[in-house]
Amino acid sequence: MALSSWKELPIGTIITEPGNAREFKTGDWRSQRPIWDSEKCIHCLFCFIYCPDSSIKVNEEGKMTGIDLDYCKGCGICAEECPKEAIHMEIEKR
Amino acid sequence: MPSLKELSKNADLFTGGHRACSGCAGPIVIKQVLSVAGPQTIASLSTGCMEVVSTIYPYTAWNIPYIHVAFETAASALSGVEAAYQVLRRKGKVKGKWNLIAFSGDGGTYDIGFQGLSGAVERGHDFLYVCYNNEAYMNTGIQRSSATPRGAHTTTSPAGTVIPGKKQFHKNLVEVIAAHGAPYVAQAIPSNWADFTRKVRKALDTEGPTVIDILAPCPLGWRYPSNKTIEVARLAVECKFWPLYEVENGKYKLNYRPRKEVPVEEWLRLQGRFAHLFTPENEHIIKEIQEGVDRRWESLLEKCG
């Protein structure tokens with residue numbers, strides 16, 4: 001929702017695009033990066049249900065397909081809760 | 001009970017890109033609620049952590065109709081939405097069933113929004129109220145609320161030479177709302193998603209006002225590493241500080257009984273806000289907290305029969 005001046009603000013300053021926080025990438029907050037090992041993953045989706053940043057990608061068959069680093073803030077909950085140690089954290093290098 | 005595969009279908013109703021702290025339990029709670037409720041949901045959210053982080057103008061993380069209201073009015077604003085919804089439905093202008101859910105923190109529920117919630121429950125509006133309880137006013141910098149537990153350090157109950165953290169025990173919201181005669185009230189935890197999502201489903205299927213109080217650990221205010229959020233939540237249940245139970249039409253039911261005795265000390269030790277209790281002069285407070293937890297647990301067991 002790009003606004004060039006205050007005159008374009010909708011009445012009541014409502015936000016007309018639901019879910020547009022997607023445009024704001026919080027991935028650059030990260031000091032640790034989760035590394036996913038697809039070999040060890042059993043697709044239990046515990047990482048999905050416990051991820052605060054909606055960063056676990058799950059496809060239509062209910063299989064985990066990876067981690068969305070655009071939004072992941074590197075909290076490490078997924079690595080902590082994974083029953084198979086399929087995710088581990090590494091220091092983020094930029 | 002829905003499986004995680006089914007819940008993952010509604011993954012995009014609360015998007016990434018919100019500005020919650022790393023490891024915050026608030027978004028986990030909202031995500032779990034919306035994954036059960038689905039896209040036919042209207043949410044109201046009072047001022048608090050989740051409002052501040054999810055709707056920084058001109059962005060919103062909510063992919064459903066959403067209204068932000070003042071601190072004390074999550075329940076009263078949604079009462080109005082519910083009244084309008086009932087009229088529009090009667091006139092045939094709204095199709096299908098919509099879920100109405102109010103979200104608020106412990107400050108907006110236990111303290112500031114309490115009269116709004118009490119009134120809405122008394123009037124009997126058909127909605128679900130979810131209190132994500134992080135046990136203090138976290139977004140303004142960790143001030144005590146009536147949900148803050150005994151002994152916790154906050155900026156308005158600072159541990160030092162005068163007082164050893166908060167002097168009072170926390171309020172029991174579930175019993176307060178149950179005393180209103182609400183048809184369904186429950187206490188839940190994000191670490192037990194199966195129990196929580198079942199409670200959300202049950203609350204949405206119940207006609208009338210329903211309330212769920214869910215503990216939402218806060219890495220910043222509780223002072224623990226961000227990856228321990230779920231572990232801290234789990235231990236709160238295991239040590240009986242936060243029992244999982246529900247009250248259906250005045251009937252109490254315990255949903256989970258810890259298998260082994262875990263002293264509350266183990267849960268306190270994980271959190272920096274209780275660090276000052278582990279000194280010789282403050283040790284008696286840990287004993288007091290344990291006694292308080294035991295007393296509440298025994299009284300709960302009695303009510304559950």
Side-chain angles (χ1 to χ4, degrees), chain A residues 1-3 8-10 12-32 34 43-65 67-82 87-89, chain B residues 3-32 34-35 39 50 53-68 190-194 196-197 216-217 219 225-234:
Chain A
M1 207 166 101
L3 299 167
E8 291 173 26
L9 288 179
T13 58
I14 55 168
I15 301 172
T16 50
E17 283 172 50
N20 65 356
R22 272 196 210 92
E23 293 163 25
F24 193 93
K25 313 280 196 238
T26 50
D28 56 0
W29 294 19
R30 199 170 48 240
S31 61
Q32 283 189 306
H43 305 279
C44 65
L45 302 187
F46 284 0
C47 50
F48 157 76
I49 201 76
Y50 294 138
C51 176
D53 296 308
S54 308
S55 301
I56 305 293
K57 294 192 269 192
V58 180
N59 68 10
E60 282 183 9
E61 283 98 57
K63 300 269 186 252
M64 181 190 171
T65 57
I67 295 165
D68 194 339
L69 294 172
D70 278 353
Y71 306 110
C72 171
K73 295 170 189 154
C75 67
I77 292 178
C78 51
E80 186 77 13
E81 293 304 316
C82 179
I87 302 176
H88 71 274
M89 305 301 287
Chain B
S3 66
L4 283 178
K5 189 178 158 184
E6 286 162 39
L7 293 178
S8 71
K9 302 257 184 287
N10 288 326
D12 61 343
L13 296 181
F14 190 79
T15 68
H18 59 74
R19 263 64 75 75
C21 306
S22 175
C24 175
I28 306 178
V29 170
I30 294 175
K31 236 180 58 177
Q32 292 186 2
L34 295 185
S35 67
M50 284 306 104
V53 302
S54 70
T55 57
I56 297 176
Y57 201 78
Y59 297 106
T60 177
W62 298 78
N63 224 342
I64 54 168
Y66 159 95
I67 180 169
H68 162 232
S191 61
N192 194 338
W193 59 268
F196 180 44
T197 52
S226 64
N227 61 342
K228 298 285 182 197
T229 297
I230 299 300
E231 194 183 322
V232 168
R234 194 175 288 129

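None of these values were measured; they are calculated from a predicted model.
The candidate from B:Ala61, B:Ser3, B:Ala11, B:Ala20 with the greatest count of non-hydrogen atom pairs under 4.5 Å with chain A is B:Ala20. The candidate with the highest count of non-hydrogen atom pairs below 4.5 Å against chain B, out of A:Gly27, A:Cys51, A:Ser55, A:Cys44, is A:Cys51. Most heavy-atom pairs under 4.5 Å with chain A: of the set B:Lys9, B:Glu6, B:Arg234, this distinction falls to B:Arg234. Between chain A and the residues B:Ser191, B:Gly26, B:Pro225, the most heavy-atom pairs under 4.5 angstrom are made by B:Ser191. Most heavy-atom pairs under 4.5 Å with chain A, from the set B:Ile28, B:Ile30, B:Thr60: that is B:Thr60. No other option in A:Leu45, A:Asp68, A:Val58, A:Ile49 has as many heavy-atom pairs under 4.5 Å with chain B as A:Ile49. Of the residues considered (B:Pro219, B:Ser8, B:Ser54), B:Ser8 shows the highest number of contacts with chain A, using heavy-atom pairs under 4.5 Å.
The OH atom of B:Tyr59 sits 13.5 Å away from the CZ atom of A:Arg22 when rounded to the nearest 0.5 Å. Distance CZ/A:Phe24 to CZ/B:Arg19: 3.5 Å, rounded to 0.5 Å.
Annotation for A:Thr26 and B:His18: closest pair CG2-O, 3.5 Å, computed over non-hydrogen atoms. Across all non-hydrogen atoms, the minimal contact from A:Ile14 to B:Tyr57 is O-OH, 3.7 Å. Among all heavy-atom pairs drawn from A:Ala21 and B:Thr15, the shortest one is CB-OG1, 3.8 Å.
In terms of the side chain to side chain contact (heavy atoms under 4.5 Å, CB included) criterion, residue partners of A:Cys75 (sequence neighbours excluded) are, by chain and number, A:Pro52, A:Ile77, B:Ser22, B:Ser226.
Pairs engaging residues 47-63 of chain A under the salt bridge (charged side-chain N to carboxylate O under 4.0 Å, His left out) rule: A:Asp53-A:Lys73 [sequence neighbours left out].
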Query - Verdict with reasoning, B:Gln32 to A:Tyr50, per side-chain contact (heavy atoms from CB on, under 4.5 Å) - result: CA-CA 9 Å; B:Gln32 292 186 2; A:Tyr50 294 138; 4.2 Å; yes

Query raised in the report: For A:Ile15 and B:His68, what are the C-alpha separation, side-chain angles and deciding distance, and is it a side-chain contact (heavy atoms from CB on, under 4.5 Å)?
Result: CA-CA 11 Å; A:Ile15 301 172; B:His68 162 232; over 6 Å; no

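Remark: B:Lys5 fails to qualify as a cation-pi partner of A:Phe48 under the 6.0 Å distance and 45° angle criteria applied to the six-membered ring.
Counting only distance, with no hydrogens or angles, the side chain of A:Ser54 and the backbone of B:Asp12 share no donor-acceptor pair below 3.5 Å. Judged by distance alone, the side chain of B:Asn227 and the main-chain N or O of A:Ala79 form no donor-acceptor pair under 3.5 Å.
Contacts of B:Glu231 with chain A are made by both backbone and side-chain atoms, with heavy-atom separations under 4.5 Å.
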